[in-house]
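Hydrogens, waters and symmetry mates play no part in the numbers below; they use all other heavy atoms, side chains included.
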Amino acid sequence: MNRIVISAMALAGLAMLLAAPRSVACSRVVYPGDSALYIVGRSLDWKTPIPTNLYVYPSGITKKSHDLPGAFSWTSKYGAVYAVSYDGGITEGMNEKGLVVNGLFCKGTVYNNERTEKNPPMSLAVFVAWMLDLNETTDQVVKMIRSTSFSISGATFDGGTVSALHWGITDRFGKTAILEFDHGKIDIYEGDSLYVLTNDPPYPQMTAINDYWKKIGGADMLPGTVKSPDRFVRASFFDNNVEHTGEAALGTSITRSILMNVSVPFHYTVDGDPNVSSTQWRTYANLRDRLYYFDNVTALGVYYIDLKKCNLSKGAPIMKIDNTKMADAVGEANSRLRVSPPFKPMY
C-alpha cells in the first residue's frame with residue numbers, strides 16, 4: 001500500500017472522527033428483494049432504556065398536531081402500526097398501504113428559526129402519525145411536507161435530552177426520501193436507492209464518506225467501529241452485495257443479519273463517550289406483505305404483526321402490544337393485541 005493511499009485513508013478516518021463525535025447509534029436499511037419485496041430494518045440504540053410498545057390505530061381517527069394554540073387537526077385515511085416510546089411519542093411505523101417512516105437521532109438537527117417559529121405547531125410525538133395517516137406513497141409525503149407550514153418541536157426525555165431527529169421514508173414501490181431539518185430549512189433527498197440512514201453527519205456528507213469507501217472495496221476492508229459513518233458504510237456495502245430474493249422469510253432474515261452487523265452489543269460502552277449506545281430493539285417492515293416485526297434484544301425471539309389481518313376500518317378499537325409481556329413471543333402475534341385507549345402524546 002503506497003503512501004498516497006495511506007494518507008487518504010488517514011484523512012478519511014480523521015474526517016469520520018470529526019464528523020461524528022459522541023455519536024448516537026441508530027441505523028436504518030432498506031432491503032430491495034425480488035418480486036416487489038422491500039423490507040425496511042432499523043435499530044434503536046440509546047444509553048438508557050427506552051420502553052417501546054406497539055399500537056395499531058384504525059383509520060377515521062381525528063388527531064391534533066399539538067396542544068399549543070394554533071395547532072391543526074387531521075383525520076386518518078389509513079390505519080397503521082406505530083412503535084410508541086414511553087407510551088408518549090411515535091418513533092416509527094407502517095401504515096396499511098405499505099408506507100414506512102423511521103425517525104433516527106441526528107445531533108446536527110435544528111428544527112426552527114425565527115420565521116418558522118410563527119407557524120402552526122407540530123409535535124414530534126405525532127409527526128410520524130401525520131405522515132402515515134394521510135399518505136400512501138413517499139411522493140405524497142414529500143408533497144405534503146413541502147406544502148404545509150409548521151413549527152416542529154417535542155418534549156425532552158431521559159433527563160433533558162432533546163429529540164433531534166431526521167427521518168427515512170419508504171413506500172411499497174421502493175421509493176425513498178430522507179428528511180432533515182437545518183435551522184428551519186427542510187432538506188429532502190429523494191431517490192429509488194437511498195437505502196441506508198444512520199445519524200451524523202447530515203446525509204450529503206455521509207454519502208461522500210461512503211463514496212470514498214466504495215473505491216476501496218468492502219470485500220477487502222470495511223470500517224468496523226460503532227460510529228455512525230462506519231455503520232453507514234457497512235450497511236450500504238452488505239445491502240448492495242447480499243442475495244436478492246422474493247421470499248419474505250428469507251428476505252427478513254437477510255435484513256436482520258445486516259442490522260445485526262451494524263448494531264451495538266448490549267451493554268457495550270465507550271469510556272468518555274457515553275452517547276455511544278447499545279442496541280435496544282430492531283424492527284423489520286415487510287412493505288409488500290404488510291408484516292411488521294419487532295426484535296427486542298432482551299427477548300428470546302422475534303414476533304410480528306400481520307397488518308392485513310387487523311381491523312383498520314373506521315370505528316374499530318385501538319389495539320396495543322405491551323412489550324414487557326412479550327419476552328417469549330415468536331412468530332405472528334396478532335392474537336396478543338389487546339384493546340387499548342390511545343397513547344397520550346408527550347407534547
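Taking the side chain to side chain contact (heavy atoms under 4.5 Å, CB included) definition, one finds that Q140 meets it with N135, E136, T137, sequence neighbours left out. Remark: S147 engages no residue in a side chain to side chain contact (heavy atoms under 4.5 Å, CB included) (not counting sequence neighbours). A208 pairs by the side chain to side chain contact (heavy atoms under 4.5 Å, CB included) definition with nothing, not counting sequence neighbours.
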Indicate every side-chain donor-acceptor pair of residues 250-257 with a distance under 3.5 Å to a residue at least two apart or in another chain.
{"from": "T252", "atom 1": "OG1", "to": "A248", "atom 2": "O", "distance (Å)": "2.9"}
{"from": "S253", "atom 1": "OG", "to": "A249", "atom 2": "O", "distance (Å)": "3.1"}
{"from": "T255", "atom 1": "OG1", "to": "G251", "atom 2": "O", "distance (Å)": "2.8"}
{"from": "R256", "atom 1": "NE", "to": "D295", "atom 2": "OD2", "distance (Å)": "3.3"}
{"from": "S257", "atom 1": "OG", "to": "I254", "atom 2": "O", "distance (Å)": "2.6"}

Pair up each side-chain donor or acceptor in residues 337-346 with any protein partner under 3.5 Å, not counting sequence neighbours, and list the distances.
{"from": "R338", "atom 1": "NH1", "to": "S335", "atom 2": "O", "distance (Å)": "2.8"}

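A side-chain contact (heavy atoms from CB on, under 4.5 Å) with P229 is found for one member of R234, Q205, M206 and no other, namely M206. Evaluated for a side-chain contact (heavy atoms from CB on, under 4.5 Å) with N112, the options E117, K118, H183 yield exactly one hit, E117. Of the listed residues (F105, F266, W281), just one forms a ring pair (Phe, Tyr, Trp, His ring centres under 6.0 Å) with W46, and that residue is F105.
Under 3.5 Å, the side chains of T62 and S73 contain no donor-acceptor pair of N or O atoms. There is no side-chain donor-acceptor pair under 3.5 Å between N102 and R42. Under 3.5 Å, the side chains of D45 and Y268 contain no donor-acceptor pair of N or O atoms. Checked by atom type, the side-chain pair T170/T176 shows no donor-acceptor distance below 3.5 Å. There is no side-chain donor-acceptor pair under 3.5 Å between T198 and R231.
Between G108 and D200, the shortest heavy-atom contact is N-OD1, 3.0 Å. Considering every non-hydrogen atom in both E190 and K175, the closest pair reads OE1-NZ, 3.7 Å. Closest non-hydrogen pair, A164 versus T109, comes out as CB-CB, 4.0 Å. In terms of heavy-atom proximity, P204 sits nearest to E180 at CD-OE1, 4.3 Å. In plain terms, the two heavy atoms of E332 and K309 that are nearest each other are OE1-NZ, 2.9 Å.
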Run the side chain to side chain contact (heavy atoms under 4.5 Å, CB included) check on I169 and L99 step by step: do they pass? CA-CA 8 Å; I169 305 163; L99 177 71; 4.0 Å; yes
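In this structure, the side chain of T52 engages the main chain of I50 through a donor-acceptor pair within 3.5 Å. At distances below 3.5 Å, at least one donor-acceptor pair connects side-chain atoms of N199 with backbone N or O atoms of C26. Of the possible polar contacts, none joining the S123 side chain to the S65 backbone as a donor-acceptor pair under 3.5 Å is found.
Atom CG in N261 sits 11.5 Å away from atom CG in D239 (nearest 0.5 Å). Going from atom CH2 of W167 over to atom CG of L197 covers 11.0 Å, rounded to the nearest 0.5 Å. Here H267 contributes atom NE2 and S277 contributes atom OG; the two are 12.5 Å apart, rounded to the nearest 0.5 Å. T116 contributes atom OG1, which lies 8.5 Å from atom CD1 of I186 (distance to the nearest 0.5 angstrom). Note that NE2 of H166 is 10.0 Å distant from NZ of K107, once rounded to the nearest 0.5 Å. To the nearest 0.5 Å, the span separating CZ on F294 from CE on M326 amounts to 9.5 Å.
Taking the six-membered ring for Trp, Y82 and Y55 have ring centres at least 6.0 Å apart. Aromatic rings of F72 and W130 (six-membered ring for Trp) have centroids within the 6.0 Å cut-off, being under it.
The aromatic rings of Y347 and H66 lie parallel to each other, with less than 30° between the two planes, well short of the 60° mark.
Residues V56 and L312 have side chains in contact (heavy-atom distance under 4.5 Å, counting atoms from C-beta outward).
Ion pairing between a basic and an acidic side chain is recognised when a charged N comes within 4.0 Å of a carboxylate O; R28 and E92 show no such pairing.
Note on residues 30-39: no pairs pass side chain to side chain donor-acceptor pair (under 3.5 Å), not counting sequence neighbours.
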